[in-house]
Amino acid sequence: TVQIATTADVKRCIVNMNTAKAQWAKTPAPKRGEIVRQIGDKLREKIHPLGQLLSLEVGKILPEGKGEIQEYVDVCDFATGLSRQIPGQVLPSERPDHFMMEQWHPLGAIGIICAFNFPVAVA
């Protein structure tokens, strides 16, 4: 069942996202990667029904719908690997006895407007 969200639903989601964002940012990248892997595994289990749904939604033939779901599973697998390779740099400073350090942190939830014909692959 697909439900239509109300403005109140969206506002509640934004409040919940902001609350969870601080905790998510403190979660080590490999743990976040493990969660992404689990999402990929769940999608992998449902490739056929999700591919059917996608095919019906955007008018694709079934192999293309399933292929798009598989592409998202592949992205999850790739992102899982990247979670253990997040780089950072220590850079020299022009100031004596100082250094600069680069760190990467999750942004949190984002909104995406994507093409109707590739809703899973683009998102």
Side-chain angles (χ1 to χ4, degrees):
T1 303
V2 177
Q3 297 182 10
I4 303 297
T6 65
T7 302
D9 293 332
V10 173
K11 288 179 179 178
R12 188 173 56 253
C13 286
I14 291 169
V15 168
N16 291 339
M17 178 273 303
N18 284 327
T19 301
K21 181 180 175 182
Q23 182 180 357
W24 185 247
K26 292 178 183 177
T27 304
K31 177 64 178 170
R32 294 193 309 263
E34 172 60 19
I35 293 167
V36 171
R37 185 194 63 75
Q38 292 172 14
I39 293 168
D41 287 348
K42 292 296 183 186
L43 289 170
R44 189 178 281 112
E45 292 172 7
K46 304 284 187 184
I47 285 177
H48 186 75
L50 289 171
Q52 285 180 311
L53 180 62
L54 183 64
S55 295
L56 290 171
E57 180 183 355
V58 299
K60 293 182 176 210
I61 61 172
L62 182 57
E64 286 185 10
K66 289 168 59 176
E68 188 169 342
I69 303 300
Q70 180 61 56
E71 184 174 353
Y72 198 77
V73 169
D74 294 343
V75 168
C76 288
D77 291 343
F78 181 69
T80 298
L82 288 180
S83 70
R84 294 194 170 273
Q85 300 176 21
I86 296 178
Q89 296 185 49
V90 176
L91 306 165
S93 173
E94 295 181 14
R95 296 173 52 197
D97 300 320
H98 285 84
F99 68 92
M100 295 180 288
M101 183 171 60
E102 173 187 81
Q103 293 183 325
W104 292 70
H105 300 279
L107 293 175
I110 60 169
I112 297 174
I113 299 173
C114 68
F116 81 94
N117 57 337
F118 289 98
V120 177
V122 175

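Heads up: numbering here begins at 1 and tracks the sequence.
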Run the numbers on R44 and D74 for salt bridge (Lys or Arg N to Asp or Glu O under 4.0 Å), then give the verdict. CA-CA 9 Å; R44 189 178 281 112; D74 294 343; 5.6 Å; no
At what distance, to the nearest 0.5 angstrom, does CD of Q70 lie from CD1 of I47?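 Reported value, rounded in 0.5 Å steps: 4.0 Å.
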State which residues pass side-chain hydrogen bond (donor to acceptor under 3.5 Å, both in side chains) with R37; sequence neighbours excluded, sorted by chain then number.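 Once residues adjacent in sequence are excluded, the partners of R37 under the side-chain hydrogen bond (donor to acceptor under 3.5 Å, both in side chains) criterion are E34, D41.
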If you count heavy atoms of other groups shown closer than 6.0 angstrom to CD of Q23, is the number above 12? no
Taking atom types as modelled and ignoring hydrogens, do the side chains of T6 and D9 form a donor-acceptor contact shorter than 3.5 angstrom? yes
Can you name the nearest heavy-atom pair linking [X] to [Y], along with the distance?
{"X": "G65", "Y": "S55", "result": "CA-OG, 3.6 Å"}
{"X": "A25", "Y": "R32", "result": "O-NH1, 4.0 Å"}
{"X": "S83", "Y": "G33", "result": "OG-CA, 3.4 Å"}
{"X": "V10", "Y": "A5", "result": "CG2-CB, 4.4 Å"}
{"X": "A79", "Y": "V36", "result": "CB-CG1, 4.1 Å"}

I need the single residue from L50, I39, L43 that forms a side-chain contact (heavy atoms from CB on, under 4.5 Å) with V73. Which is it?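 The residue from L50, I39, L43 that satisfies side-chain contact (heavy atoms from CB on, under 4.5 Å) with V73 turns out to be L43.
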Looking at side-chain heavy atoms only, is the closest gap between [X] and [Y] below 4.5 Å?
{"X": "P119", "Y": "V58", "result": "yes"}
{"X": "V90", "Y": "M100", "result": "no"}
{"X": "H48", "Y": "K66", "result": "yes"}

Checking the side chain of E68 only, and the main-chain atoms of V120 only, is there a donor and an acceptor separated by less than 3.5 Å?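 Yes, because the side chain of E68 sits within donor-acceptor range (under 3.5 Å) of the backbone of V120.
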Is there a path of hydrophobic side-chain contacts, each under 4.5 Å between heavy atoms of I, L, V, M, F, W or Y residues, that connects L82 with Y72?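 As far as the 4.5 Å side-chain criterion goes, Y72 and L82 are not connected within one cluster.
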